[in-house]
Amino acid sequence: MTPFKISRALVLAVSLSACIAASAALAQSSMESASVAARPAGVPDPAQAHPELSGVFEQFGGMPGMTALMDEFMAILLEDPRMRPFFEKVEHDRVKRQLAEQFCALLGGGCVYSGRDMQETHAAFAIDKADFNALVEDLQIAMARRDIPFRAQNKLLALLAPMHREVITR
Ligand code: HEM
């Protein structure tokens with residue numbers, strides 16, 4: 001190959017790899033928007049991020065704190081005769097993981113929630129207002145036991161409260 005041919009081949013190879021990289025990036029970004037668009041129109045985002053609350057997430061002890069909180073919360077739910085019937089037969093580790101991920105995402109902790117939306121998750125259960133309040137009460141007990149500052153507790157509860165619309169099924 002002459003030097004001219006070599007440099008032409010090099011230019012071709014470089015532009016080809018740039019093309020491949022660009023189309024891979026495009027495919028990635030359209031996959032991301034596809035996963036966001038996968039939620040049907042009108043279904044509220046179960047984990048809308050609030051980056052301004054990342055300081056609150058830190059008050060929960062970041063992800064290790066959130067994981068420990070979910071262990072405490074699930075133990076309390078299973079001891080509570082009002083909540084036990086809902087939770088005794090579900091996969092505890094998975095639910096704890098999804099809850100920690102959801103709360104981390106909500107509080108601007110940078111997690112991406114990979115679970116189902118709130119309506120789909122709870123549709124199979126007969127949940128009324130009293131059940132909802134009982135669960136919130138148990139979460140408050142768990143947060144108090146973990147010494148989460150009261151104001152931080154209330155920030156999280158304020159984000160969860162509007163979800164009663166999707167969670168309460170009767
Ligand atoms: C704001 C309130 C609530 C939030 C944010 C919430 C959030 C969640 C999340 C993230 C999951 C896991 C989703 C997934 O599997 O992909 C879940 C599962 C579950 N939740 Fe809730 N939840 C709430 C209230 C309630 C209430 C009041 C009850 C019942 C009294 C309840 C019962 C359950 C049960 C039984 C599961 C396991 C479902 C299964 O594995 O099929 N939740 N919840």
Side-chain angles (χ1 to χ4, degrees), residues 31-170:
M31 261 165 67
E32 273 161 17
S33 47
S35 72
V36 170
R39 195 171 344 107
V43 174
D45 186 344
Q48 171 150 32
H50 295 266
E52 74 283 6
L53 295 181
S54 63
V56 174
F57 182 62
E58 289 316 311
Q59 291 186 292
F60 276 79
M63 206 46 182
M66 199 54 95
T67 303
L69 175 64
M70 289 310 120
D71 287 339
E72 187 77 58
F73 182 36
M74 187 56 77
I76 294 168
L77 288 171
L78 293 171
E79 277 167 16
D80 182 344
R82 301 170 298 176
M83 290 291 104
R84 191 173 171 82
F86 292 101
F87 288 94
E88 63 188 346
K89 291 196 184 79
V90 302
E91 232 183 286
H92 301 139
D93 284 346
R94 195 184 50 82
V95 175
K96 284 192 288 184
R97 203 171 45 246
Q98 295 295 4
L99 280 169
E101 203 176 84
Q102 182 189 32
F103 292 1
C104 161
L106 283 168
L107 293 176
C111 300
V112 177
Y113 173 65
S114 59
R116 294 169 290 165
D117 71 59
M118 292 298 92
Q119 202 170 2
E120 190 190 344
T121 299
H122 300 94
F125 303 92
I127 300 173
D128 66 13
K129 198 162 179 271
D131 299 323
F132 186 88
N133 291 340
L135 177 129
V136 171
E137 217 177 279
D138 285 350
L139 179 59
Q140 285 175 301
I141 296 170
M143 291 192 289
R145 283 194 193 162
R146 299 277 316 149
D147 288 327
I148 310 296
F150 197 60
R151 282 171 64 91
Q153 294 186 23
N154 286 341
K155 293 280 183 195
L156 176 63
L157 295 175
L159 298 179
L160 301 184
M163 294 185 197
H164 73 268
R165 292 185 203 98
E166 292 92 57
V167 170
I168 292 174
T169 55
R170 66 178 174 132

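For the single chain, residues carry numbers from 1 onward in sequence order. As the structure lists them, so they are numbered: ligands from 1, and atoms in each ligand from 1.
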Pairs meeting criterion side chain to side chain donor-acceptor pair (under 3.5 Å) with involvement of residues 70-88, two or more places apart: Asp71-Lys96, Glu72-Arg145, Asp80-Arg82, Arg82-Glu137, Arg84-Glu88
Would you indicate whether the side-chain heavy atoms of [Y] and [X] approach each other to under 4.5 Å?
X: Leu160; Y: Phe132; value: no
X: Phe125; Y: Asp131; value: no
X: Leu107; Y: Leu159; value: yes

Sequence-distant partners of Lys155, salt bridge (Lys or Arg N to Asp or Glu O under 4.0 Å), two or more places apart: none
Amino acids contacting ligand 1, non-hydrogen cut-off under 4.0 Å: Met83, Phe86, Phe87, Val90, Arg94, Val95, Gln98, Leu99, Gln102, Tyr113, Gly115, Arg116, Met118, Thr121, His122, Phe125, Ile127, Asp131, Phe132, Leu135, Leu160, Met163, Val167
Residues that Glu101 engages under side-chain hydrogen bond (donor to acceptor under 3.5 Å, both in side chains), provided they are two or more places apart: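 In terms of side-chain hydrogen bond (donor to acceptor under 3.5 Å, both in side chains), with neighbours along the sequence ignored, Glu101 is linked to Ser114.
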